[in-house]
There are 2 protein chains.
Amino acid sequence: MNETIPPRDANTRPSTLDDVARRAGVSLGTASKALNGRDRVSDATRARVEDAARALAYVGNPLARGLSQGLSGTVGLLTSDLEGRFSLPILMGAEDRFGAGRVSVFLCDARGDAIREQHYISALLARRVDAIMVVGSKTDHRAPIGRDLPVPVIYVYTPSQDPRDLSLTPDNVAGGRMAIEHLLASGRRHIAHLTGPRHERAAADRTRGIAQVLAESETQLMFETAYGEWTERWGRSSCAMMLEQGTKVDAILCDSDQIARGALDALRERGIRVPDDVAVIGFDNWDIIVEGTHPPLTSIDMNLGLLGRHAAERLFHAIGGAPLASGIELSDCRLVVRGSTALTI
Amino acid sequence: MNETIPPRDANTRPSTLDDVARRAGVSLGTASKALNGRDRVSDATRARVEDAARALAYVGNPLARGLSQGLSGTVGLLTSDLEGRFSLPILMGAEDRFGAGRVSVFLCDARGDAIREQHYISALLARRVDAIMVVGSKTDHRAPIGRDLPVPVIYVYTPSQDPRDLSLTPDNVAGGRMAIEHLLASGRRHIAHLTGPRHERAAADRTRGIAQVLAESETQLMFETAYGEWTERWGRSSCAMMLEQGTKVDAILCDSDQIARGALDALRERGIRVPDDVAVIGFDNWDIIVEGTHPPLTSIDMNLGLLGRHAAERLFHAIGGAPLASGIELSDCRLVVRGSTALTI
DNA sequence: CTGTTAGCGCTTTCAG
DNA sequence: CTGAAAGCGCTAACAG
């Protein structure tokens, strides 16, 4: 158990800057400067050092560099809910951008547990990450992870409650507008709105966006919002109830693809044709659902991958020394039209 | 020398082991031993050091520790397809286990691109990760990421083609057996099998498991396998075709929940009752589908989270110096019975 | 038991 | 322009 790990032999051991310096016949310090282009070094020696480095397949040791220099070349990605379908795309976008910039990302999934989160935050800070990205799975605002942290922090999807922090989140108000406008534009006038829990911001925001459009709308129309859950089950049951009550409807605006899927199911069970009799639009543009339904589901895409990429971009600059902005920045949604609203003429 | 200690900005600079030692009135080395429990230290001084550490909110610097000790306390998680639904649970399980062991994980998503993957591997090695976990999204074997790497490597889900490597993957043969046995046990005798592409190992393995059971089975029965895709669309169309042809069926064994969902749809469209007329079983136990269907779907769970955790565990030991085993180790699947096969008596 | 002394690999003054 | 030397914070031999 307590055996010491055998030292790696010289041909296995990665070569150090010292090896390079020795081979190039210069001092350690000079080799460092030459390789980093930091200080004044003659072209001749620089070339010599670079050759040596190449010959030895030298790769700097980030640990050592980090220790002496203070920057680790790593960032922390702190997610509260990896399993949910919102964190992942954001995380992928961010990872993509960081990877391209030779920054490595530490993944931390707090699983919605505050204690765990605290633990991860200290771990990240202890590791001297250069920045932290906090990703949530709801658009409700959250408590900031700390004040006066020694590194830049950005909040994605879930904005920070502190307006001094920088947060990036989808513009759900505009998303709601986009959805209702699409339905109105395709001639629908009797619209039901199935959304998630009343107290959740995403539901509220979209409802607000919809209301804005309705307020401006000239045409006579019927509209009603039902709050519930984000689930397929709720989509099915609420839609069924509505139909049972004989409500006249020619479009259903669902605030998640899962709700929409449930609604589609309920409609079909009653022989109601989509989109001929009723148009259905969802939210999230979740491929697995949107392409699996019958007909394929029109949906609003929050461009989460892009959001993650942007966030990474911002952190990049902040690490470079630029001050991070403050406040909540909203990002655009995108309408993806599919069979569930497109009338086959 | 030690007369006037310059005031340090204690609230800005994280306290170091030196601070702790000084405060506890012991030497640096002693403090280190006391905190690590490594060497013989009197209980009294250990307590004193621990108090000091607590008081100063001391958190060791992993960079420094790594530098001197040779271990970085980090591992690389190299996934080829984060988006797919198999990598994520594995990754979560692994992250969970590593996090508990104070190891941080670097996430790298190669997106199925070999160049990208190579880039990430060098990056990970440059960072001196202590181990690498390679996660794929198919059970087909893959080329190893390299020979004689300086750190232990484990392959999860996607086994390495090199038998000298250690690979962990679900036992799909047993999974197939489990599924068919469940159907037989519930009295089904006319069974159709809808699976993915013929050339994919997961499809082949499960089909093999099924064949084993059928070979041993005494009872007279009808069985047929249809290869296709893993999608809902394929599930619906193949099931529809089968019904159209008038094939007599009292159970459908689907090798993915998506296929099963499509099949359920096709059945319902024809007014065939599940599970009364036909039982349906899926694979993957993907919550979003399994709980959304009507009735809920019986499914085989590959215990991916556990698989990730196990893999992390193995790497842990390997980092500790224990040699890593070789070969492919199979992990158990688990049957989760729900309404789609459970007869309501 | 405890303190001292080397490093780990690299960056960075500060002299030459 | 280059080299020598002082750390970064920590662990691990080796003395006391």
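Everything quoted here is computed from the prediction, not taken from an experiment. So you know, we letter chains A, B, ... as the sequences are listed, proteins then strands, and number each from 1.
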* Structure fact -> Closest to the 5' end of DNA chain C, once B/G25 and A/A64 are matched to their nearest nucleotides, is B/G25

* Structure fact -> Looking only at C/dT2, D/dC1, D/dT11, the nucleotide nearest the B/V41 side chain is C/dT2

* Asked: For C/dC1, does either OP1 or OP2 sit under 4.0 Å from a side-chain N or O belonging to B/S42?
  -> no

* Does a donor on one side chain sit under 3.5 Å from an acceptor on the other, for A/R127 and B/S104? -> yes

* Structure fact -> B/T16 has its side chain closest, among D/dC10, D/dT11, D/dT2, to D/dC10

* **Phosphate contact (D/dA12 OP1 or OP2) by B/S68 side-chain N/O below 4.0 Å** => no

* To do: Consider the side chain of B/S27, meaning its heavy atoms from C-beta on, and name the nucleotide among D/dT2, C/dT2, C/dT4 that approaches it most closely.
  => C/dT4

* To do: Classify the nucleic acid contact of B/T30 as base, sugar-phosphate or nothing, counting any heavy atom under 4.0 Å across all strands shown.
  => base

* Rounding to a whole Å, what distance do you find between A/D18:CG and C/dC8:C1'? -> 12 Å

* To do: Please confirm whether the backbone N or O of A/D81 pairs with a side-chain atom of A/S87, one donor and one acceptor, at under 3.5 Å?
  => yes

* Whole-Å distance separating the CG atom of A/L63 from the C1' atom of D/dT11 -> 14 Å

* Tell me: CG of B/L35 to C1' of D/dT11, nearest whole Å? -> 12 Å

* To do: Classify the nucleic acid contact of B/L28 as base, sugar-phosphate or nothing, counting any heavy atom under 4.0 Å across all strands shown.
  => base

* Asked: Rounded to the nearest Å, what distance is computed from the CG atom of residue A/N61 to the C1' atom of nucleotide C/dT11?
  -> 13 Å

Taking distance alone, no hydrogens or angles, what donor-acceptor pairs closer than 3.5 Å link side-chain atoms of residues 56-64 of chain A to residues at least two apart or in another chain?
{"from": "A/N61", "atom 1": "OD1", "to": "A/L63", "atom 2": "N", "distance (Å)": "2.7"}
{"from": "A/N61", "atom 1": "OD1", "to": "A/A64", "atom 2": "N", "distance (Å)": "3.4"}

* To do: Mind checking B/G60 for me? I need base, sugar-phosphate or nothing, with any heavy atom below 4.0 Å counting as a touch.
  => sugar-phosphate

* Identify, between A/R65 and B/R48, the residue whose nearest nucleotide on DNA chain C lies closer to the 5' end. => B/R48

* **Options C/dT2, C/dC8, C/dC14, nucleotide nearest the side-chain atoms of A/K33** => C/dC14

* Asked: Would a distance-only check, ignoring hydrogens and angles, find a side-chain to backbone donor-acceptor pair under 3.5 Å from A/T79 to A/D109?
  -> no

* To do: Return the value, rounded to whole Å, for the distance between atom CG of A/L67 and atom C1' of D/dC10.
  => 8 Å

* Asked: What is the distance from CG of B/D19 to P of D/dG9, rounded to the nearest Å?
  -> 9 Å

* Structure fact -> Per atom distances to the B/V26 side chain, the nearest of D/dG9, C/dG3, C/dC10 is C/dG3

* Asked: Does A/R164 pair with A/D162 as a salt bridge, N-O distance under 4.0 Å?
  -> yes

* Please state how far atom CG in B/L17 lies from atom C1' in C/dT4, giving the value in whole angstrom units. => 15 Å

* **For atom CZ of A/R128 and atom P of D/dC10, their distance in whole Å** => 8 Å

